[in-house]
Amino acid sequence: MTSNPREALSRQLAEAVAEALRADLAESERALLVVSGGSTPVPFFEALASMALPWSRIEVTLADERWVEASADDSNARLVRDHLLQGAAAEARFVPLISAAATPEEGAAEVGERIAALAWPASAVILGMGGDGHTASLFPDSRELELALSTAAPVVAVRTPSQPQPRITLSADRLHQAHRHFLHMVGEEKRSVLARALGGDDTRKLPIRAFLACPLGIYWAP
Ligand SMILES: O=C1O[C@H](COP(=O)(O)O)[C@@H](O)[C@H](O)[C@H]1O
């Protein structure tokens with residue numbers, strides 16, 4: 001039994017996602033799970049990894065990634081490998097968003113083909129949100145924000161002045177292609193950003209707005 005609200009939240013989210021995967025796997029041979037990176041999902045990943053699931057039938061990919069080596073400290077793929085693909089969950093098929101290309105612009109076509117071949121619509125997309133209202137790598141100052149919000153392509157290479165690395169993100173269109181959407185966030189700052197997002201409609205200012213009508217299951221703890 002855990003008394004930490006963030007741990008309890010992660011456990012509840014993991015149970016909801018496991019339930020979603022089980023329901024979809026009762027209808028289809030494969031199911032796809034799209035997860036986010038950052039600091040918030042670590043306890044969620046660990047809770048989900050402990051769930052009894054037919055992991056070999058589950059595909060996992062990311063909402064976004066920094067264009068860095070898979071072994072880099074800030075690689076979202078590394079986060080998934082270290083915290084989700086553990087124990088029985090190591091049987092899941094993880095499909096990363098990076099390639100051997102030097103830049104995301106050069107790698108986007110190959111990564112896009114890989115992503116398009118997954119078991120869409122996803123069972124669940126778990127989004128995070130930054131203090132600037134970004135989700136996935138759809139940042140308010142991303143040069144390709146307009147494109148990422150409007151294209152039917154699965155992925156977009158993104159350059160963002162506020163961020164140190166180039167990135168690649170699933171497009172909003174692709175992120176919408178899921179049976180269920182969850183937003184996982186913690187802390188008062190993010191709660192007030194979400195309240196601002198709910199009070200307006202300019203997606204370019206707070207890109208999380210692109211997902212508020214999915215409908216979105218909001219998992220928040222202080
Ligand atoms: O840059 C990113 O940030 C968001 C939120 O991260 P957090 O550390 O505040 O939890 C995340 O959803 C996204 O996938 C990641 O690349």
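Only a predicted model underlies this, so the values are computations on that prediction, with no experimental measurement involved. Residue numbers start at 1 and run along the sequence shown. Whatever order the structure lists ligands and atoms in, that order sets their numbers, starting from 1.
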(request) May I ask you to list the atoms of ligand 1 that are less than 4.0 angstrom from any heavy atom of Arg66? (result) 1 (O)
(request) Under 4.0 Å from a heavy atom of Asn76: give me the atoms of ligand 1 that qualify, with their elements. (result) 16 (O)
(message) Can you confirm whether more than 12 heavy atoms, excluding those of Glu106, are under 6.0 Å from its CD atom?
(response) yes
(message) Heavy atoms only, cut-off 4.0 Å: how does Met185 contact ligand 1, side chain, backbone, both, or neither?
(response) neither
(request) Report the nearest protein non-hydrogen atom to atom 9 (O) of ligand 1: residue, atom name, distance rounded to 0.1 Å. (result) Lys190 NZ, 2.5 Å
(message) Checking a contact table here: which protein heavy atom is nearest atom 1 (O) of ligand 1, and how many Å away?
(response) Arg167 NH1, 3.0 Å
(message) Among all protein heavy atoms in this structure, tell me which lies nearest to atom 11 (C) of ligand 1, with the distance rounded to 0.1 Å.
(response) Gly37 O, 3.5 Å
(message) Return the OG to CD distance between Ser10 and Glu46, rounded to the nearest 0.5 Å.
(response) 9.0 Å
(message) I need the nearest protein heavy-atom contact for atom 6 (O) of ligand 1: residue, atom name and distance, please.
(response) Gly38 CA, 3.7 Å
(request) Determine, step by step, whether Phe139 and His134 satisfy the ring pair (Phe, Tyr, Trp, His ring centres under 6.0 Å) criterion, reporting the C-alpha distance in whole Å, the side-chain angles of both residues, the deciding distance to 0.1 Å, and the verdict. (result) CA-CA 5 Å; Phe139 289 82; His134 86 267; 3.8 Å; yes
(request) Please check if any side-chain donor atom of Asp141 sits under 3.5 Å from a side-chain acceptor atom of Gln163, or the reverse. (result) no
(request) For the pair Arg209 (side chain) and Asp202 (backbone), establish whether a donor and an acceptor sit closer than 3.5 Å, ignoring hydrogens and angles. (result) yes
(request) Report the nearest protein non-hydrogen atom to atom 4 (C) of ligand 1: residue, atom name, distance rounded to 0.1 Å. (result) His134 NE2, 3.3 Å
(request) Of the side chain and backbone of Leu62, name the one, both, or neither that has a heavy atom under 4.0 Å from an atom of ligand 1. (result) neither
(message) What I want to find out is whether Glu7 reaches Arg11 closely enough, with some N-O distance under 4.0 Å, to be called a salt bridge.
(response) no
(request) Report the nearest protein non-hydrogen atom to atom 8 (O) of ligand 1: residue, atom name, distance rounded to 0.1 Å. (result) Ser39 N, 2.8 Å
Output side-chain donor-acceptor pairs under 3.5 Å for residues 91-99, partner residues at least two apart or in another chain, one line each.
| from | atom 1 | to | atom 2 | distance (Å) |
| --- | --- | --- | --- | --- |
| Arg93 | NH1 | Glu59 | OE2 | 3.4 |
| Ser99 | OG | Ala101 | N | 3.1 |

(request) Salt-bridge test for Asp24 and Arg180: reply yes if a basic N is under 4.0 Å from a carboxylate O, no otherwise. (result) yes
(message) Can you report which non-hydrogen protein atom sits closest to atom 14 (O) of ligand 1, along with the distance?
(response) Asp64 OD1, 2.6 Å
(message) Please list the nearest protein heavy atom to atom 10 (O) of ligand 1 with its residue and the distance rounded to 0.1 Å.
(response) Thr40 OG1, 2.5 Å
